[in-house]
Amino acid sequence: MTDLTKRRLSIVGAGLVIILAIAGMKFLAGQKEAPARKPAETLRKEVEILPAQNGKIASTLEVQGQLSAFDKAEIYAEVGGLVTTTKQPFKVGTRFAKGAPMLVLDNTEARLALLAQKSTLLNAIAQAMPDLKIDYSNNFSAWEDYLNNFDVEKPITPLPATKSDQEKRFIAARNLYTQYYNIKSQEERLSKYTLYAPFSGVLTEATVNAGTVIRTGQKLGTLMATGNYEMVATVPMADLAYIHQGGTVQLVSEDIPGQWNGVVKRISDQIDAGSQTVQVFISVSGSELREGMYLHGDVTAKDIDNAIRLPRSLLVNQRAVYEVQDSILKLREIELVKMEAESAIVRGIPDGTPLLAKMVPGAFDGMKVKSTSPSIARQ
C-alpha cells in the first residue's frame, strides 16, 4: 500500500468518525424530554395615587417687568435767556427739594420792561385823579390810597373796585384795566425766569450749562422722583379675570437681595393685538430700587371655588389626567381653569377620584399598574 493510499484512507476514516459522532448526539438529544416552560408574567408598574379633593384655591399670578419712576418730568424753557450760576449745579445726579430753584435765567431786560409798564400805569392813574375827584368823589379816597401805596418794585395789587357803572366805564376808557392786566401778564412771565422743582427728585438728564443762551421751548433736562416707582407687567387675557385693582404683590430682584410689597394700581383697557396681553401697573417703593430695574413676583389673585391644584406634569395635552380604575390607567377629561408656574388649577374631577400622584414614564390609556397606598392631597 502506497503512502498516497494510506493518506486517503485516514482522511475518509476521520470524516466517518465525525459523522457518527454528530448522529449520536442528535439521537441522544431526541431521547431527553424538554423542560417545562413557565408562563410569562405580566409586569405592572407601581404607581402612587392621589385622591381628588375639590375646594377653594387661593391662586397667584406670576408677573415681571421693568421699573419706571412714578413722578418724572421733562423740563422745558418757557422763556429765553442766559443761564446764570446757581447754588446747586444743573447737572445729572443733582438732587433738588420740592420748590427749590433748579435753574435761573438772566431777567434784567424783562424786569426793566415790567418796571416801565408799571410806571406808565402809575402815570395814567395820576392823570385820572382830578376827574375821579370831581365826578366820582365817593370813591376818590380808594384811588388816592392806591396811588399813594403804588410801588413799582413790588408786585402789583388789584385796582380799586368801582362803585358805579359810570366809574367803571371811565376807568376802562383810560385803559387802566388793559395796562393792569398787561402788567400781571409780564409779572407771570418774569417769574418763569427761575425754574423751581415741581417735586423732590434728582436730575437724570441735563442739556445746558451756566453761560448757555437758551431759547423758548428748548428742552433743559429731566427730573425724576426717587423711591416711588411703577412696574409695568403684561398679563395674558386668559389670566386677567384673576387679578384685580388693589391686589398685593411680593416682588424680588435677581440682582440685589430684598423683597418689596407692591400694589396693583391700574389695569389698562387696551389689549396688545400681537400678544393678546394687557398692561398692569404695580406701585412699589423702596430706597434700594432704581429706575430700569427688573423685578418679578406673584400677585395675589382671586380665589377659585370647587377646583383642584395639580402638578403641571400630570396634565395630558392640557385637557386630561390619568385616573386609576381597577388597576388600569384611564384618561379623564378636565376643565383647565388656570395655569401657574409649576401647577395647574382644574375642575371636573369628582372628590375621591384616584389620580396619579406622579406621571409614569410611557403611560397610556389602558396601561395596567399596581397602586400603592393613597397619598394625602395637597391643596
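Everything numeric here is computed off the predicted structure, so don't read it as measured data.
- For Glu187 and Lys154, the salt-bridge test fails: no basic side-chain N is under 4.0 Å from an acidic carboxylate O.
- Between Glu323 and Arg332 a salt bridge is recorded (basic side-chain N to carboxylate O distance below 4.0 Å).
- Residue Asp106 comes nearest to Thr108 through the heavy atom pair OD1-OG1, 2.8 Å, listed as atom of the first residue, atom of the second, then distance.
- Counting heavy atoms from C-beta on, the side chains of Leu176 and Trp143 come closer than 4.5 Å.
- Listed by first and then second residue, the side chain to side chain donor-acceptor pair (under 3.5 Å) pairs involving residues 62-73 are Lys72-Glu291 (not counting sequence neighbours).
- Residues Ile349 and Leu355 form a side-chain contact, since some pair of their non-hydrogen atoms from C-beta on lies under 4.5 Å apart.
- A salt bridge links Lys219 and Glu205; the closest N-O separation between the charged side-chain nitrogens and carboxylate oxygens is under 4.0 Å.
- Side-chain contact, Gln250 with Trp260: no donor N or O sits under 3.5 Å from an acceptor N or O.
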(Q) Set out, in order, the CA-CA distance, both residues' side-chain angles and the distance that settles side-chain contact (heavy atoms from CB on, under 4.5 Å) for Ile57 and Lys338, then state yes or no. (A) CA-CA 11 Å; Ile57 305 296; Lys338 185 174 180 297; over 6 Å; no

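- Each side chain to side chain donor-acceptor pair (under 3.5 Å) pair with one or both residues in residues 168-184, not counting sequence neighbours, appears once here: Asp131-Arg174.
- Counting only residues at least two apart or in different chains, side chain to side chain donor-acceptor pair (under 3.5 Å) contacts with residues 265-286 comprise Asn228-Ser285, Glu230-Arg266, Asp272-Ser275, Ser275-Thr277.
- Look at Glu333 and Arg319 and you find a salt bridge, because one of the NZ, NE, NH1 or NH2 atoms lies within 4.0 Å of a carboxylate O, short of that distance.
- Nearest heavy atom pair, residue Ala69 against residue Met224, reads CB-CG, 3.1 Å.
- Residues Val284 and Phe199 do not share a hydrophobic cluster, clusters being chains of Ile/Leu/Val/Met/Phe/Trp/Tyr side chains in contact below 4.5 Å.
- No donor-acceptor pair closer than 3.5 Å links the side chain of Thr222 to the backbone N or O of Ile75.
- Under a cut-off of 6.0 angstrom, the local environment of NZ in Lys133 is sparse, with at most 12 non-hydrogen atoms contributed by other residues, nucleotides or ligands.
- With 3.5 Å as the limit, one finds no donor-acceptor pair spanning the side chains of Lys192 and Asn107.
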